[in-house]
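These notes are about the structure you will find just below.
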Amino acid sequence: MRPAIREALVCQLAPRLLSWFGREQRDLPWRRTRDPYRVWVSEVMLQQTQVGTVIPYYRRFLRAFPTARALAAAPLDEVLRLWAGLGYYSRARNLHRAAQVIVAEHGGRFPRALEAIRALPGVGEYTAGAIASIAFGERVPCVDGNVLRVLARVHCVTGDVRTGRTRRRLEALAWEAVPAERPGDYNQALMELGSLVCRPTDPACGECCLSDLCEARRRGRQRGVRTPRKREGTRRVRAVAGIAWRRGCVLIARRPLEGVWGGLWEFPNCRPVEGETDFETLTRLFAEGFGLIVEVGERLVSLTHGIMHERIELAAYGCKVVDGRTKASAHVAVKWVRPEELAEYALPAPHRKLVLQQLTPSARTPARR
DNA sequence: AAAACGGGGCG
DNA sequence: CGCCCAGTTTT
């Protein structure tokens with residue numbers, strides 16, 4: 001494309017997008033505020049998580065922690081509890097740490113400078129741009145997957161958007177196009193268009209406010225901008241969990257802060273060793289990991305949970321404790337709690353499913369043998 | 001059941 | 001810069 005033509009195109013983007021956004025934007029809780037703290041919380045929650053899932057979490061989180069100071073003062077356990085089920089728990093840990101940085105280094109006021117925002121734990125280039133433009137009206141872009149796709153199509157950039165050259169080119173185009181007026185609305189419009197209209201597959205060009213400007217569409221190359229990543233297939237793995245009962249309480253254990261599901265609570269579980277029965281696995285797990293002799297009862301439920309390249313098939317069994325003193329080894333804490341208290345603990349999604357299916361009042365208590 | 005998706009952190 | 005993390009959604 002000739003520079004003059006590209007410049008004309010770039011100038012058209014903002015008015016088109018702003019007008020479309022004014023008509024079509026969804027009414028979302030975080031669009032009713034410019035409080036940088038709230039914008040930040042919403043942006044972090046929205047990383048890798050859908051709008052519909054985020055809304056109730058956002059409301060609860062802000063009710064519990066209305067300011068950065070409140071968040072900084074809360075125990076991490078409480079923060080994780082309100083995050084439980086959203087996944088990607090390092091986001092919650094970073095949010096908590098960053099709130100403490102805001103209190104310690106910025107007097108509790110959210111920093112305004114892009115560099116200072118960018119320096120907060122868990123805030124990368126994208127999130128910093130989103131906060132700076134939406135909350136502070138700075139003329140900076142925020143480049144997420146949606147934005148990359150829309151810009152790649154509009155300018156018909158067909159290279160792999162994840163490689164350095166193409167990525168830098170698209171970022172340069174993103175910088176150029178941000179308007180001085182309402183940069184935050186413009187950025188949100190671009191992302192909203194990417195998620196609602198200029199979708200990865202089957203883009204709805206017929207209802208796109210940019211379709212007559214879109215170079216990919218002009219050339220019939222809308223699909224050409226996608227460059228799927230090669231990835232090895234997911235493998236299936238089994239895991240067994242034991243819901244151990246003692247005097248009306250069940251045993252949960254807290255994982256170390258580092259690693260997968262850091263700081264979260266879970267039912268004792270592990271992957272069976274080759275050739276071992278579930279019965280043997282659980283007997284060994286409780287003896288070695290928790291100092292308990294248990295009688296393994298009936299299988300309660302099995303469910304699947306995907307993480308990384310693995311599809312975990314989790315089978316849960318009820319267990320009755322017959323002897324032993326509870327201790328932790330791989331965990332940082334263990335606790336016996338009444339089933340109705342489980343809601344007060346941060347459990348990862350698959351263990352929450354176990355609670356819902358087995359331990360809520362409507363579910364039966366496990367048979368004992 | 002498999003594949004696609006994607007911000008941030010880190011080496 | 002490129003890989004890894006920890007999931008959900010789409011096909």
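Protein chains get the first letters and strands the later ones, always in sequence-line order, with residue 1 at the start of each.
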* Asked: Quick one: is dT11(C) close enough that its OP1 or OP2 comes under 4.0 Å of any side-chain N or O from T201(A)?
  -> yes
* Asked: Just checking G306(A): base, sugar-phosphate only, or nothing, at a heavy-atom cut-off of under 4.0 Å?
  -> base
* In whole angstroms, how far is the C1' atom of dA2(B) from the CZ atom of R311(A)? -> 9 Å
* Distance, rounded to the nearest Å, where Q48(A) contributes CD and dG8(B) contributes P -> 8 Å
* Mind listing the residues from residues 124-141 of chain A sitting with a heavy atom below 4.0 Å of DNA chain B? Number order is fine. => G124(A), E125(A), Y126(A), T127(A)
* Asked: G259(A) near the nucleic acid: base, sugar-phosphate alone, or nothing, with a heavy-atom cut-off under 4.0 Å?
  -> sugar-phosphate
* Nearest whole angstrom, please: distance from the P of dT8(C) to the CZ of R352(A). => 10 Å
* To do: Output yes when R31(A) and E192(A) qualify as a salt bridge under the 4.0 Å nitrogen-oxygen rule, no when they do not.
  => yes
* Structure fact -> Taken in chain and number order and not counting sequence neighbours, the residues that satisfy salt bridge (Lys or Arg N to Asp or Glu O under 4.0 Å) with R118(A) are E125(A)
* Given that S90(A) and G164(A) both sit by DNA chain C, which one's nearest nucleotide is further toward the 5' end? -> G164(A)
* Examine the side chains of R311(A) and T304(A) and answer whether a donor and an acceptor come within less than 3.5 Å of each other. => yes
* To do: Anything under 30° is parallel, anything over 60° is perpendicular, the rest tilted; go ahead and classify F65(A) against F61(A).
  => perpendicular
* **Closest-nucleotide ordering on DNA chain B, the 5'-leading residue of G122(A) and Y88(A)** => Y88(A)
* **Donor-acceptor side-chain pairing of S302(A) and E313(A) below 3.5 angstrom** => no
* Structure fact -> Per atom distances to the H305(A) side chain, the nearest of dT8(C), dG6(B), dT11(C) is dT8(C)
* Within this structure, what is the CZ-to-C1' distance between R255(A) and dC5(C), rounded to whole angstrom? -> 13 Å
* Euclidean distance, atom CH2 of residue W83(A) to atom P of dT8(C) [Å, nearest integer] -> 13 Å
* In whole angstrom, what separates Y89(A)'s OH from dC4(C)'s C1'? -> 19 Å
* To do: Could you work out which one of dT9(C), dT11(C), dG7(B) sits closest to the side chain of D144(A)?
  => dG7(B)
* To do: Answer yes or no: does a side-chain N or O of R149(A) lie under 4.0 Å from OP1 or OP2 of dG6(B)?
  => yes
* Any chance the side chains of N187(A) and S133(A) put a donor and an acceptor closer than 3.5 Å? -> yes
* Do any side-chain nitrogens or oxygens of R168(A) fall under 4.0 Å of OP1 or OP2 in dC1(C)? -> yes
* Write down the distance between CG (N94(A)) and C1' (dA6(C)), rounded to a whole number of angstrom. => 14 Å
* Structure fact -> Whole-Å distance, L148(A) CG to dC5(B) P, equals 13 Å
* To do: For Q47(A), report the nucleic acid contact type (base, sugar-phosphate, nothing); a contact means any heavy atom under 4.0 Å.
  => sugar-phosphate
* Distance flag, aromatic centroids of W30(A) and Y58(A), threshold under 6.0 Å -> yes
* Asked: If you measure only the distance, is there a donor-acceptor pair under 3.5 Å linking the side chains of T163(A) and R167(A)?
  -> no
